[in-house]
Amino acid sequence: MTALVWYRNDLRVQDHQALSAALGRDGPVRALYLLCPAQWDAHDVAPIRRWYVLESLRELGTNLGRLGIVLDIVDAGDFAGVPGALADYCRAHGVSALFSTREYPLNERRRDQAVVEALRPLGVELKGFDDAVLVPPRVLRTGQGTPYTVFTPYRRRWDALLAEQPPGMPLTPAPARSTRAVPFDASMIDTALAAIDLPPGLTDGWQAGEKAARKQLDSFVDGPLRHYKRDRDMPSLPGTSLLSTALSAGTLSVKRCFIEADARRASGPEGVTTWISELAWRDFYRQIMANYPRLAWGEPFRPETGLVQWSSHDAHFQAWCEGRTGYPLVDAAMRQLNSTGWMHNRLRMVSAMFLTKNLFIDWRLGERYFMQKLIDGDFAANNGGWQWSASTGTDAAPYFRVFSPVRQSERFDPEGHFIRSQIPELAHLDAKTIHQPWRRPMLAPDYPAPVVALDGVRERVTAAFKAAQDLYKGDTR
DNA sequence: AGCCACTTCTC
DNA sequence: AGAAGTGGC
């Protein structure tokens with residue numbers, strides 16, 4: 001009569017529906033995490049993200065142990081190995097019910113369908129919880145019964161639903177009174193950590209686990225949240241929540257984020273509304289991923305943009321990756337990503353727009369590079385953001401709306417503080433020169449000249465998208 | 001969750 | 001000259 005909590009990207013004990021439901025039954029509870037290193041490789045999971053997951057698992061094992069729950073860690077290889085590994089585990093431990101948090105991308109759903117079939121002959125009862133979003137993917141539909149593909153009307157319905165049915169209190173796991181703490185064996189974690197190729201110093205400044213995540217939430221909602229609307233676009237400020245990592249690995253529940261922010265509407269209503277809107281974007285892109293599985297094959301949301309002839313200029317792509325395009329804000333952004341595993345959201349838009357519109361390189365190359373580097377790499381959000389920048393996605397930036405890396409730099413880093421923090425070759429330049437160092441090349445001899453000029457970008461992008469549209473019309477006529 | 005060219009208004 | 005508004009891409 002054992003209940004099993006199968007952990008994936010929901011590495012916490014607090015406010016965890018599947019865990020609380022398992023504890024609510026009679027009988028013992030166990031927990032399992034299946035390592036899938038080959039799947040991590042196939043999905044381009046960044047080394048720092050692997051580190052974050054493994055260290056969060058260590059804390060999870062300890063926290064579950066205090067609740068009297070054993071967390072086992074088993075190497076399943078990849079998703080294909082999961083159904084067999086789970087079936088073996090269920091047989092070995094007499095598991096009669098499996099509890100998990102639902103995941104929505106295609107490979108994850110196929111994995112879970114295969115698990116359903118593998119466990120059916122064993123008579124294991126399966127329970128899934130839509131606990132990684134505030135509004136589950138199939139709940140909101142347009143008047144035509146189709147999924148929402150435009151954010152603003154989605155957001156309106158999403159808000160209304162949460163106002164009508166507010167999330168209750170966060171859940172606290174309640175073990176039986178007789179429970180005794182059990183020790184946690186972390187040897188699998190140490191082995192897996194040893195296999196990660198992590199540059200020294202990369203994890204400095206990051207703390208894994210649900211305790212650190214909770215602390216980050218508390219300091220955000222009582223700090224930067226109040227002025228979030230004003231400060232969130234300035235990469236030199238600590239104006240954002242820094243919670244994307246915790247939310248993507250599930251060391252924090254999105255429900256708790258909503259509740260804590262919602263409770264502070266009186267003290268800074270604009271900041272709260274703006275930040276909750278970011279939580280809505282997160283749900284929006286997850287429901288897009290759930291409703292349009294072809295996105296998992298690398299297809300653009302707008303089919304006609306699949307015919308755009310992107311440039312394949314390897315030297316330009318390398319310069320972008322390494323932060324030496326000659327455009328200070330773009331380079332500062334990429335160096336922040338490379339040296340910390342994280343990038344400010346405004347800069348994700350700036351650097352993605354530069355790769356896709358100025359260099360005119362396929363958005364999928366940028367999407368992949370971000371996944372390979374980001375500690376918070378989330379398939380739905382990353383794909384959604386890249387397709388927004390590339391103008392290939394749902395509710396994307398119109399293709400003629402191109403950021404100027406200079407204008408963005410002047411608007412969002414006016415004094416050049418952020419650029420100076422990332423690019424030592426430019427640290428001595430004044431606020432006037434730092435956005436366009438090529439105007440005074442003698443002042444920054446160690447900094448690269450621009451790899452491409454800025455003029456004519458909009459015309460070239462417009463022509464390429466129009467050509468793709470014509471081709472598409474020709475194909476389908 | 002643009003940018004730019006152009007116009008009109010104001011000093 | 002510079003602010004402020006407008007419309008096209």
Side-chain angles (χ1 to χ4, degrees), chain A residues 148-156 158-159 224 227-237 239-241 244 270-288 300-302 304-305 308 327-330 333 343-360 363 366-367 370 376 378 380-414 418 432 435-436 450 452-470:
Chain A
Y148 279 95
T149 59
V150 180
F151 178 70
T152 306
Y154 174 81
R155 163 87 211 266
R156 220 165 279 141
W158 185 91
D159 267 337
H227 296 296
Y228 184 76
K229 188 181 162 82
R230 186 191 73 195
D231 293 348
R232 73 192 162 123
D233 273 326
M234 308 299 268
S236 63
L237 298 178
T240 63
S241 74
S244 52
E270 288 193 324
V272 171
T273 302
T274 308
W275 190 60
I276 286 179
S277 197
E278 299 300 326
L279 300 180
W281 272 108
R282 184 175 171 278
D283 277 15
F284 177 70
Y285 281 139
R286 285 184 179 218
Q287 65 94 29
I288 291 286
F301 183 80
R302 299 159 68 97
E304 73 278 14
T305 65
V308 169
Y327 289 95
L329 192 62
V330 174
M343 193 194 289
H344 188 282
N345 186 55
R346 164 58 53 180
L347 300 180
R348 297 188 196 204
M349 292 190 271
V350 170
S351 58
M353 190 70 89
F354 186 81
L355 183 76
T356 56
K357 302 293 175 62
N358 294 78
L359 298 180
F360 211 64
W363 57 274
E367 178 195 17
F370 270 28
D376 61 17
D378 173 81
N382 190 49
N383 180 275
W386 272 95
Q387 294 216 52
W388 182 87
S389 295
S391 307
T392 65
T394 54
D395 206 15
Y399 55 77
F400 49 78
R401 193 183 286 175
V402 179
F403 287 1
S404 157
V406 176
R407 275 290 295 140
Q408 292 281 312
S409 193
E410 290 164 349
R411 282 174 64 186
F412 300 115
D413 191 26
F418 180 75
K432 220 171 146 59
H435 308 294
Q436 306 185 65
V452 290
L454 290 182
D455 49 282
V457 172
R458 201 174 61 188
E459 290 74 10
R460 285 197 299 280
V461 169
T462 302
F465 272 75
K466 287 241 163 79
Q469 272 166 19
D470 292 345

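Keep in mind that the numbers below use all heavy atoms, side chains included, and drop hydrogens, waters and symmetry copies. Protein chains get the first letters and strands the later ones, always in sequence-line order, with residue 1 at the start of each.
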Grab the CG-P distance between Asp455(A) and dC4(B) for me, whole Å please.
11 Å
Looking for any heavy atom pair under 4.0 Å, which part of the strands does Glu459(A) touch: base, sugar-phosphate only, or nothing?
nothing
d(CZ, Phe354(A); P, dG2(B)) in whole Å
19 Å
What is the first contacted nucleotide of DNA chain C and what is the last, in 5' to 3' order, if contact means an atom lying under 4.0 angstrom from a heavy atom of chain A?
dG8(C) to dC9(C)
Taken in chain and number order and not counting sequence neighbours, the residues that satisfy side-chain contact (heavy atoms from CB on, under 4.5 Å) with Ala468(A) are Leu307(A), Val308(A)
May I ask you to decide if the ring planes of Phe284(A) and Phe151(A) are parallel, tilted or perpendicular, using 30° and 60° as cut-offs?
perpendicular
Is any side-chain nitrogen or oxygen of Arg411(A) closer than 4.0 Å to OP1 or OP2 of dG2(B)?
no
Just checking Arg348(A): base, sugar-phosphate only, or nothing, at a heavy-atom cut-off of under 4.0 Å?
nothing
Does either side chain, that of Asp283(A) or that of Gln287(A), offer a donor lying less than 3.5 Å from an acceptor on the other one?
no
NA contact type, Arg407(A), heavy-atom cut-off 4.0 Å: base, sugar-phosphate, or nothing?
sugar-phosphate
Pairs where residues 391-412 of chain A contributes a residue and the test ring pair (Phe, Tyr, Trp, His ring centres under 6.0 Å) is met, not counting sequence neighbours
Tyr399(A)-Phe465(A)
Specify the closest pair of heavy atoms between His344(A) and Pro235(A), including all atoms of both residues, with the distance to one decimal.
CD2-CA, 3.5 Å
d(CZ, Phe400(A); C1', dA5(B)) in whole Å
16 Å
Looking at every heavy atom in both Met353(A) and Arg401(A), which two are closest together, and how far apart are they?
CE-O, 3.5 Å
